[in-house]
2 protein chains.
Amino acid sequence: MEAMLKILGERKRCEIVRLVWSEELPAAEIAARFPDVTRSAISQHLGVLRNSGLLTERRDGVRRLYSANQAEMGKLREFLDSFWSQSLVRLRDLAESAEQAKERK
Amino acid sequence: MEAMLKILGERKRCEIVRLVWSEELPAAEIAARFPDVTRSAISQHLGVLRNSGLLTERRDGVRRLYSANQAEMGKLREFLDSFWSQSLVRLRDLAESAEQAKERK
DNA sequence: CATTTACGTTAGTACATCCTTATGTAAGAT
DNA sequence: ATCTTACATAAGGATGTACTAACGTAAATG
């Protein structure tokens, strides 16, 4: 899961995911949004994102259409949420053991 | 914001934040949870986390007690949420312009 | 079949990151 | 005042990452 965080920790990759969040885009179009780097660089980022499951690829002839895998992104959100829920769980466990201690009296 | 993602993309740093999520811990205690690396390595991670605002430090004599900055983590969660809401915004904007087009008839 | 289009992949390089070891440094104990 | 404790910080090395330039490849087009 930390791997996904690291992958999105790169500005361009994060932007790419946002770009194809609600619409499929071909690699060329994605690359066009990043004029400061070569298409190769973007292709490599796409490879990383595809490999991690954050992007899905659909082939249409010679083109490759990318779109965000919202489900996979959802896992990341759950992971972040777990930071908050862990303390709740800990509180719950604490409350439970206190209850059991009381019953053992 | 991507910087924070990158920082948490490191396993140990992510674990450290989790460790001090609901309780303050001194640096030594944190380091003790990572027997495979030196205290120095952990101290450097603590520095990165403190610097990014993800951890807050409180000094108690010679010790330094760390705890997670949940507010800062909250920003990250909001950032992730923005991926979902951006499409909603786009849909809303689309609906609005459609409405305006109708009114102009 | 040759060419073009739209890509991915490889090789190589500059720079960043994570680590260890060594060296501060400030607070408390002797 | 010296020593110890609990840390940070600096220097240096191994490894990882993001990039460019060059090359490879499958699909469409003539």
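Naming convention: chains lettered A, B, ... in sequence-line order (proteins, then strands); numbering from 1 in each chain. Side chains included, hydrogens not; waters and symmetry mates left out as well; all remaining heavy atoms used.
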Undergrad: Using a heavy-atom cut-off of under 4.0 Å over every strand shown, decide if A:A28 touches base, sugar-phosphate, or nothing.
TA: sugar-phosphate
Undergrad: B:R64 CZ to D:dT9 C1': how many Å, rounded?
TA: 11 Å
Undergrad: Rounded off to whole Å, could you give me the CD1-to-P distance for the A:I16 and D:dA18 pair?
TA: 11 Å
Undergrad: Here's a test of your reading of the structure: between B:Q44 and B:E29, which maps to the more 5' nucleotide of DNA chain D?
TA: B:E29
Undergrad: Using whole Å, report how far OH of B:Y66 lies from P of D:dC7.
TA: 8 Å
Undergrad: Return yes if some donor-acceptor pair links the side-chain N/O of A:S43 with the main-chain N/O of A:S40 below 3.5 Å, else return no.
TA: no
Undergrad: From the 5' end of DNA chain C to its 3' end, which nucleotides mark the outer limits of contact with chain A, defined by a 4.0 Å heavy-atom distance cut-off (strictly under)?
TA: C:dT5 to C:dT10
Undergrad: Within the pair A:T38 and D:dT20, is there a side-chain N or O less than 4.0 Å away from OP1 or OP2?
TA: yes
Undergrad: Between the side chains of A:E78 and A:K75, is the shortest nitrogen-to-carboxylate-oxygen separation below 4.0 Å, so that they form an ion pair?
TA: no
Undergrad: Between residues 48-62 of chain A and DNA chain C, which residues have a heavy-atom gap below 4.0 Å?
TA: A:R50, A:V62
Undergrad: Drop me the distance from B:D81's CG to A:M73's CE, to the nearest 0.5 angstrom.
TA: 10.0 Å
Undergrad: Verify, without hydrogens or angle tests, whether B:R39 (side chain) and B:A31 (backbone) share a donor-acceptor contact under 3.5 angstrom.
TA: no
Undergrad: Could you tell me whether the phosphate oxygens of D:dT20, OP1 or OP2, come under 4.0 Å of any side-chain nitrogen or oxygen in A:R39?
TA: no
Undergrad: Inspect the contact between B:R58 and B:E24 and indicate whether a charged nitrogen and a carboxylate oxygen are less than 4.0 angstrom apart.
TA: yes
Undergrad: Are A:R18 and B:Q86 packed together at the side-chain level, in the sense that at least one heavy-atom pair is separated by less than 4.5 angstrom?
TA: yes
Undergrad: Return the value, rounded to whole Å, for the distance between atom CD of A:E10 and atom P of D:dG16.
TA: 17 Å
Undergrad: Please report the interatomic distance CD1(A:I42) to CD1(A:I16), rounded to the nearest 0.5 Å.
TA: 4.5 Å
Undergrad: Rounded to whole Å, how long is the line connecting atom CD of B:E24 with atom P of D:dC7?
TA: 12 Å
Undergrad: Below 4.5 Å, heavy atoms only, C-beta onward: do A:F34 and A:E15 meet side chain to side chain?
TA: yes
Undergrad: I need the single residue from B:R11, B:R13, B:K12 that forms a side-chain hydrogen bond (donor to acceptor under 3.5 Å, both in side chains) with A:E2. Which is it?
TA: B:R11
Undergrad: Regarding B:A27, tell me which of base, sugar-phosphate or nothing describes its non-hydrogen contacts under 4.0 Å with the strands shown.
TA: sugar-phosphate
Undergrad: Can you tell me whether the side chain of A:S40 and the base of D:dA21 have a donor-acceptor pair closer than 3.5 Å?
TA: yes
Undergrad: What's the CG-C1' distance between A:D36 and D:dT20, to the nearest Å?
TA: 13 Å
